[in-house]
Amino acid sequence: MTNIQTLDTPTLLLDHQKLLKNISDIADYANEQGVSYRPHIKTHKSVRLAQLQLEAGAVGITTAKISEAEVMASGGIKDILIAYPISNPDKINRLIQLLQNGVRLKVAVDNPESLGYLQRGLEHIPFTLEVWIKVNSGLNRCGVEPGKEALLLAKAIMSHSKLKLGGIFTHAGHSYAAKTYEEIESIGLQEGLAVVESANACEQAGIPISVRSVGSTPTFKIAGKVPGVTEIRPGNAVFFDAIQAGLGVTDIENCAVTLLASVVGVYKNRIIFDTGSKSLCLDKGAHGNQTVSGFGEIIGHPEVLIERLSEEHGIGVFVQETHLKLNDKVQIIPNHACTVVNQFEEYVVHENGRVIDVWKVDARGMVK
């Protein structure tokens, strides 16, 4: 078997044992809590990885965009939530194609006007579309407000013959802006309550809500414990990254994705790696909160801080003296695994430093 140290760089590495541990941890949590597991695949964008999650007990998958759903469906995955509002007629035609291909599709809605577009698009086919109401639990991105607004949208859905209401969900992405883990816990609690209270309001009005779904890697183990929540949708937790470790969500040792990089220059006051913004990306946190120092953590070399990036160069500075020299190779834990994965065509899968397989990043660049 090939040693990863002999690979060309930069290369996207995936630690097989850490990956399986992370998948198992999520599945075990779901079993313990009696909730379903519907992972968001925007992190890994891989049919092979989605299949591993399904084998571990996931009931289906979540995607961000239709193009991701199309790739996953072509790979044989048939239960898909597109957690994104859709009203464009061209995109509705693509939803219809997925329905005609046997996909058990669910689509986010948060606007009464969009219901009309969906209804008109579906009127000429013998299918109905399952829709899930997205509620805003504090991120202030998409979503109706919990409670009364969710109920009003539910009533509007019930008046459309081609739509059926299947669930209510939310994403507490603002947890990434938390300054303490206690704040993450508070956000997770509110996330769960926003969904459950909205579902209860609907059911009190005679509208059944079968799925109450929460997401966000920092909060899913908190929101998932709120009584009435039935599903979790973590994405990043399949890999983790330096931002998650910085938030206190996980230990850095659990991060399954790294970039193999080479030293291409050593100077008196800096060291250069062949991983710039086109591979490591520029994330240092989210929603106004920087949770990391530098642009990735170099495993085994705390004496070097990747201080800045240009497109093809990672510029490190010396915190202490280093023994790294020209052509040495290092593994870098990215700050944000989701964006980094989208830069690469494939994962090189390894165990104990030995290459065991290569997996395609099937949905790379699928943003439509």
Side-chain angles (χ1 to χ4, degrees), residues 16-64 68-69 72 77-83 104-106 108 130 132-135 137 166-173 175-176 181 184-185 187-200 209-241 244 247-251 254-256 337-338:
H16 191 240
Q17 293 169 316
K18 291 180 180 181
L19 167 71
L20 295 182
K21 178 182 179 297
N22 291 341
I23 292 174
S24 177
D25 179 63
I26 302 166
D28 289 347
Y29 171 84
N31 287 332
E32 290 165 6
Q33 296 300 318
V35 297
S36 299
Y37 166 37
R38 182 182 293 276
H40 207 314
I41 63 85
K42 71 179 178 65
T43 295
H44 59 69
K45 291 178 170 278
S46 161
V47 171
R48 179 69 176 272
L49 267 160
Q51 289 170 339
L52 286 175
Q53 292 172 314
L54 291 168
E55 289 168 9
V59 297
I61 63 168
T62 307
T63 71
E68 289 178 337
M72 294 294 128
I77 296 168
K78 296 300 184 182
D79 197 309
I80 302 174
L81 164 67
I82 301 175
R104 297 184 298 279
L105 194 62
K106 307 97 169 64
E130 183 172 334
W132 288 15
I133 295 172
K134 184 166 191 178
V135 297
S137 55
I168 294 179
F169 77 108
T170 192
H171 171 64
S175 58
Y176 287 88
Y181 193 76
I184 290 175
E185 290 179 315
I187 290 169
L189 176 61
Q190 291 304 313
E191 176 186 15
L193 290 174
V195 168
V196 171
E197 291 174 0
S198 298
N200 289 344
I209 305 295
S210 59
V211 181
R212 297 101 176 271
S213 182
V214 295
S216 170
T217 287
T219 61
F220 79 88
K221 287 189 175 182
I222 302 157
K225 291 181 179 179
V226 173
V229 166
T230 66
E231 182 182 274
I232 55 172
R233 304 185 326 280
N236 186 277
V238 71
F239 293 153
F240 292 120
D241 50 31
Q244 300 291 347
L247 286 166
V249 173
T250 191
D251 295 325
N254 294 326
C255 297
C338 307

For [X] and [Y], work out which heavy atoms get closest and say how close.
X	Y	value
Ser137	Thr170	OG-OG1, 2.8 Å
Ala172	Ile187	CB-CG2, 3.8 Å
Ser198	Ala194	OG-O, 2.7 Å
His40	Ala64	CE1-N, 3.2 Å
Leu189	Ile222	N-CG2, 3.8 Å
Asn236	Cys338	ND2-SG, 3.7 Å

Looking at side-chain heavy atoms only, is the closest gap between [X] and [Y] below 4.5 Å?
X	Y	answer
Val195	Ser213	no
Pro39	Ile26	no
Phe169	Thr62	no

Between [atom1] on residue [X] and [atom2] on residue [Y], distance to nearest 0.5 Å:
X	Y	atom1	atom2	answer
Asn254	Asp25	CG	CG	8.0 Å
Lys221	Gln33	NZ	CD	10.0 Å
Ile80	Leu105	CD1	CG	7.0 Å

>> side-chain contact (heavy atoms from CB on, under 4.5 Å), that's the test. Do Leu19 and Phe239 meet it? Break it down for me.
In response: CA-CA 6 Å; Leu19 167 71; Phe239 293 153; 3.9 Å; yes

Donor-acceptor contacts, no H, no angles, side chain residues 46-60, under 3.5 Å, sequence neighbours left out:
unit_1: Ser46; atom_1: OG; unit_2: Arg48; atom_2: N; d: 3.3
unit_1: Ser46; atom_1: OG; unit_2: Leu49; atom_2: N; d: 3.1
unit_1: Gln51; atom_1: NE2; unit_2: Gly75; atom_2: O; d: 3.4
unit_1: Gln53; atom_1: OE1; unit_2: His44; atom_2: NE2; d: 2.9
unit_1: Gln53; atom_1: NE2; unit_2: Tyr37; atom_2: OH; d: 3.3

>> Check this for me: Lys78, atom NZ, are more than 12 non-hydrogen atoms of other residues, nucleotides or ligands nearer than 6.0 Å?
In response: yes

Just jot down the salt bridge (Lys or Arg N to Asp or Glu O under 4.0 Å) partners of [X], sequence neighbours excluded, or say none.
X	result
Lys18	none
Arg38	Asp79, Glu231
Lys45	Glu68
Glu130	Lys106

> Residues in side chain to side chain contact (heavy atoms under 4.5 Å, CB included) with Val249, at least two apart?
Replying inline: Ile184, Thr217, Pro218, Phe240, Gln244, Leu247

> Residues two or more places apart in sequence or in another chain: which of them pass side chain to side chain contact (heavy atoms under 4.5 Å, CB included) with Glu197?
Replying inline: Leu193

Run the side chain to side chain donor-acceptor pair (under 3.5 Å) test against [X] and tell me which residues pass, sequence neighbours left out.
X	value
Thr219	Glu191, Ser216
Asn31	none
Asn22	none
Thr230	none

> Which pairs count as salt bridge (Lys or Arg N to Asp or Glu O under 4.0 Å) when at least one residue sits in residues 26-37, sequence neighbours excluded?
Replying inline: none

> Would you find a donor on one side and an acceptor on the other, under 3.5 Å apart, between the side chain of Arg233 and the backbone of Phe220?
Replying inline: no

>> Donor-acceptor check, side chain of Ser210 to backbone of Gly166, threshold 3.5 angstrom: yes or no?
In response: yes

